[in-house]
Peer 1: 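I am attaching a structure below and will ask some questions about it afterwards.
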Amino acid sequence: MKVLVTGGAGFIGSNFVRHLLAERLEVEVVNLDKLTYAGKLENLDDFSDDVRHTFVRGDICDAELVDEVMKGIDVVYNFAAESHVDRTSEAATPFGRTNVTGTAVLLSAALGHGVERFVQISTDEVYGELPWRDPEAGREATGAQAADDAPRFTEDTPLAPRSPYSATKASADHLVSAYHVTHGLDTVITRCSNNYGPYQHPEKLIPLMISRALTDEPLPVYGDGLNVRDWIHVADHCTGVLAAGERGRAGRVYNFGGDAERTNLSVVRTLLRVLGKPESLIEYVKDRPGHDRRYAIDFSRAAHELGWRPTRDFEEGLADTVQWYMENEAWSAAVG
């Protein structure tokens, strides 16, 4: 089988390529990545000599290149995206180009070359925001990650994006669904909660806080720090995406979450405890525009139809992530 992974030099994409090559020995991977600031060849070092992996530097908006790369491809996994919400608030045009136009180019080429399946990697941010609840109180009261009656996003939740980034991802999702309905292209859309783990760019919350704490710099926390996110280890996300690609129903959407709701402040405090650093390093800064208050994922469809569940305990996964960044300071320096 020949698989095209777009954005395969980025955080989640490179972890997925690594997972795919490890789990499917017969697969051949073509990795198409533009190598923007968030996509780095350093993420590919440990399989640069694998003959099953071919790297192509290029833009998914380049129709001629995409048409050439798509020849002989059986399955497409589209991870390529501009993804940092802060950046989209400052300049939305690159997000529309990559996330919407790029997806349209890929879909057209996939249809033209008779690709068997197109898997679109999306985000829970397309759903908008949920009413706030205190996840810490939920754990104390129930012994679970969240109370049973707490609302979560399901695949049937109407899309209501609230940032330019999430609006472009929602637009791309609609395009993917339209190609399935209009042209009969076999598509699957996956939507995940916040990822964490190795190879994440230092601009994101967890690696940013780790790097700043290690040098005793202030840790900037937006607003009151009580925005709630559900965290999923990137390895769990990758197993979910592969399961959806191999066993998901055509035209279906699958949510993947970590069952680990935390406030941003709680995550930062946990990191400081792991690193043995004082909470006095926390510095509250002006909140970003349109900062969604809470996300939470209901992944019961993935559990029932794909047999998938997250396996990584958040606190253990976070400690492992801290250890990885401490052992790979050269990587952080190279990509930062």
Peer 1: Do we see a donor-acceptor contact under 3.5 Å between the side chains of D173 and S122?
Peer 2: yes

Peer 1: Does a side chain donor of either T168 or S171 reach within less than 3.5 Å of an acceptor in the other side chain?
Peer 2: no

Peer 1: Does the side chain of T215 come under 3.5 Å of the side chain of E217 through a donor N or O and an acceptor N or O?
Peer 2: yes

Peer 1: Between T6 and F79 (side chain of the first, backbone of the second, donor and acceptor by atom type, cut-off under 3.5 Å), is there such a pair?
Peer 2: yes

Peer 1: Does the separation of the ring centres of Y37 and H201 fall below 6.0 angstrom?
Peer 2: yes

Peer 1: Give me the atom names and distance for the closest heavy-atom approach of F11 to P198.
Peer 2: CE1-O, 3.1 Å

Peer 1: So which atom in K286 and which in Y222 form the shortest heavy-atom distance, rounded to 0.1 Å?
Peer 2: O-CD2, 3.2 Å

Peer 1: Side chains of E279 and R269: closer than 4.5 Å at any heavy-atom pair?
Peer 2: yes

Peer 1: Can you see which heavy atom on E305 is nearest to which on R252, and at what distance?
Peer 2: OE2-NH2, 2.6 Å

Peer 1: Is the closest side-chain donor-acceptor distance between S266 and E136 under 3.5 Å?
Peer 2: yes

Peer 1: Give a yes/no verdict on a cation-pi contact between R52 and F47, requiring under 6.0 Å between NZ or CZ and the six-membered ring centre and an angle within 45° of the axis.
Peer 2: no

Peer 1: Show, in sequence, the C-alpha distance, side-chain angles and deciding distance for W308 and Y254, and conclude whether the ring pair (Phe, Tyr, Trp, His ring centres under 6.0 Å) test is met.
Peer 2: CA-CA 10 Å; W308 177 92; Y254 293 95; over 10 Å; no

Peer 1: Take H237 and F16, measure what ring pair (Phe, Tyr, Trp, His ring centres under 6.0 Å) needs, and give me the verdict at the end.
Peer 2: CA-CA 9 Å; H237 184 202; F16 181 74; 8.6 Å; no

Peer 1: Could you tell me whether the side chain of N43 and the main chain of A9 form a donor-acceptor pair under 3.5 Å?
Peer 2: yes

Peer 1: Would you say the side chains of S300 and D298 form a donor-acceptor pair under 3.5 Å?
Peer 2: yes

Peer 1: State yes or no: are the ring centers of H233 and Y196 separated by less than 6.0 Å?
Peer 2: yes

Peer 1: Pairing donors with acceptors under 3.5 angstrom, does anything connect the side chains of Y295 and R152?
Peer 2: no

Peer 1: If we count only N and O atoms by modelled type, under 3.5 Å, do the side chains of D186 and Y179 hold a donor and an acceptor together?
Peer 2: no

Peer 1: Of the non-hydrogen atoms in N227 and D292, which two are nearest, and what is the gap between them?
Peer 2: ND2-O, 3.0 Å

Peer 1: Would you say that V69 contacts L4 through its side chain, given a criterion of any heavy-atom pair below 4.5 Å between the two side chains?
Peer 2: yes

